[in-house]
Novice: 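To start, I am sharing the structure in question, which I have written as structure tokens.
Predicted model, so just to flag it, every value in this text is computed and none were measured. Start at 1 and go down the list; that is how both ligands and their atoms are numbered.
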Amino acid sequence: MRIGSLTISSNLFLSPLAGYTNLPFRLVVREIGGVGLCTTDLVNARSLLEKNKNAFKLIETRPADSPLAVQLFGSVPEEMRDAAARIESLGFASVDINMGCPVRKVCNVGGGSAMMIPQGGTQTAALVRGMVNAVKIPVTAKMRLGWDDDNLTAPDLARALEDAGIAAIFVHGRTRQQGFGGTVNLAGIRAVVQAVKNIPVIGNGDVITPQAAKKMLDDTGCAGVSIGRGAFYNPWIFQHTLDYLQSFRSSGRQSALTSNDSETNNEPTHVGCYEKRDGGLPPEPVFAERVRVMCRHLDLMVEVFGEEPGCRMFRKVAPWYAKRFGPCHEFNKRVVQVSTQAGFHEVLENYTRWRQQFLDSNGELQPRFRPPPLVASFMRETEPASTQREHIPVPKGPVEVW
Ligand SMILES: Cc1cc2nc3c(=O)[nH]c(=O)nc-3n(C[C@H](O)[C@H](O)[C@H](O)COP(=O)(O)O)c2cc1C
């Protein structure tokens, strides 16, 4: 797939989740495979120009963390232009513009979500044009469908930004007013796809299974899918989705999600974390593999942030892995206290022993203790408890309603 001058190996993207999709997590998903392009957490353009230490920590990377986009946040055209040039000079693959930040002091001066209000379109296009003219790397934009249901500005804005030279649009299928509630609006994403002439539109929102990725691609015509929280549930999702999509291409068979064979009306005969519909889905990673990847993630957190800060940050990460362990309260209540790697491994060893009571003679979780399969919000009317939005931590503060 191409984004402007950049060729990427797949049409699957890691969405920025401030505080989560840092260098260690990006390395974890890249080692598993399947992801085409990752993006940093949002970075304040001015802080980058002032060489602020924290801003530089946010864009810390390594050759294995490539290709990587830096997401910029700001409203002053000159600062955004110069920050884009700085990013290019540092060797990053592309620069992304955050058009979702809801903080009042940013919106009041025309940044973040305010870039999407109807009156803001011309200014936004001018800011984008300034950035595009300053760099050779692709400039992309990440937006929502609009401010609210009465102002679905994304299609018009996407068209204006294409004229200004933007290389791709990422669109989360909700309005700013929706926050994370309700169902992702696939028709809204489709309207953005139809509004642009040549650039790729990448759909985003609630893709937590390969089937959901396929449905978003099929129903919207988007060129790729960007996955945020789904990657935290399941860092294997990119590789599994690629394999799943490939199984349709190589066999020429019909989508498993059309006609009578849809997720909404089949009996769930799930194997592992996905509802099993056909042979195209890989099996769920076994417990030992989940533990291996989780420990690798912690090693990288310690390498990048130091032992104590890395372990403390990992307290909010480990429970995401534990969601697929089966009964996990013994793990979750102890892991939130760890501050050393040795302490973490002690918690894990004790938990692994405790978990044995739920296993059968083959060492597999007994069926009644297996977590329910994951199903995306737009794939069924009632979500199982494990995938409801309130179970997904959305931090307070600036990133409250992206
Ligand atoms: C904790 C958290 C942090 C986020 N940080 C950012 C960010 O830095 N930049 C951004 O454009 N979007 C951010 N988002 C929005 C996500 O990139 C994404 O659009 C949204 O979560 C929907 O996709 P998903 O359902 O695949 O997670 C954040 C979302 C969450 C939950």
Novice: Could you list the atoms of ligand 1 found under 4.0 angstrom from a heavy atom of Asn98?
Specialist: 9 (N), 10 (C), 11 (O)
Novice: Counting only heavy atoms, which portion of Leu42 has something under 4.0 Å from ligand 1: side chain, backbone, both, or neither?
Specialist: both
Novice: Distance under 4.0 Å to a non-hydrogen atom of Ser15: what atoms of ligand 1 satisfy this?
Specialist: 17 (O)
Novice: State, with a plain yes or no, whether a side-chain heavy atom of Pro210 is found less than 4.5 Å away from one of Asp243.
Specialist: no
Novice: Do Ser226 and Val207 come within less than 4.5 Å of each other through their side chains, counting heavy atoms only?
Specialist: no
Novice: Would Arg355 and Phe287 count as a cation-pi pair here, with the cationic atom under 6.0 angstrom from the ring centre and within 45° of the axis?
Specialist: yes
Novice: Please say whether Ala18 places an N or O atom under 3.5 Å from an N or O atom belonging to ligand 1.
Specialist: yes
Novice: Tell me whether the NZ or CZ atom of Arg229 lies within the 45° cone about the ring axis of Trp320 and under 6.0 Å from its centre.
Specialist: no
Novice: Give yes if a backbone or side-chain nitrogen or oxygen of Asn204 is under 3.5 Å from a nitrogen or oxygen of ligand 1, and no if not.
Specialist: yes
Novice: Would you kindly specify which portion of Leu17 sits under 4.0 Å from ligand 1, judged on non-hydrogen atoms: side chain, backbone, both or neither?
Specialist: both
Novice: Regarding atom 17 (O) of ligand 1: of the candidates Ala141, Gly228, Pro16, which has the closest heavy atom?
Specialist: Pro16
Novice: Side chains of Met131 and Ile87: does their closest heavy-atom pair fall under 4.5 Å?
Specialist: no
Novice: Tell me the contacting part of Arg229 for ligand 1: side chain, backbone, both, or neither, using a 4.0 Å heavy-atom threshold, strictly below.
Specialist: both
Novice: Taking only residues two or more places apart in sequence, or in another chain, which ones meet Gln194 in a side chain to side chain contact (heavy atoms under 4.5 Å, CB included)?
Specialist: Arg190
Novice: For ligand 1, which atoms, with element, lie under 4.0 Å from some heavy atom of Asp206?
Specialist: 24 (P), 25 (O), 26 (O)
Novice: Would you say the side chain of His329 lies within less than 4.5 Å of the side chain of Trp354, judging by non-hydrogen atoms?
Specialist: yes
Novice: Would you check whether Asp41 has a nitrogen or oxygen atom less than 3.5 angstrom from a nitrogen or oxygen atom of ligand 1?
Specialist: no
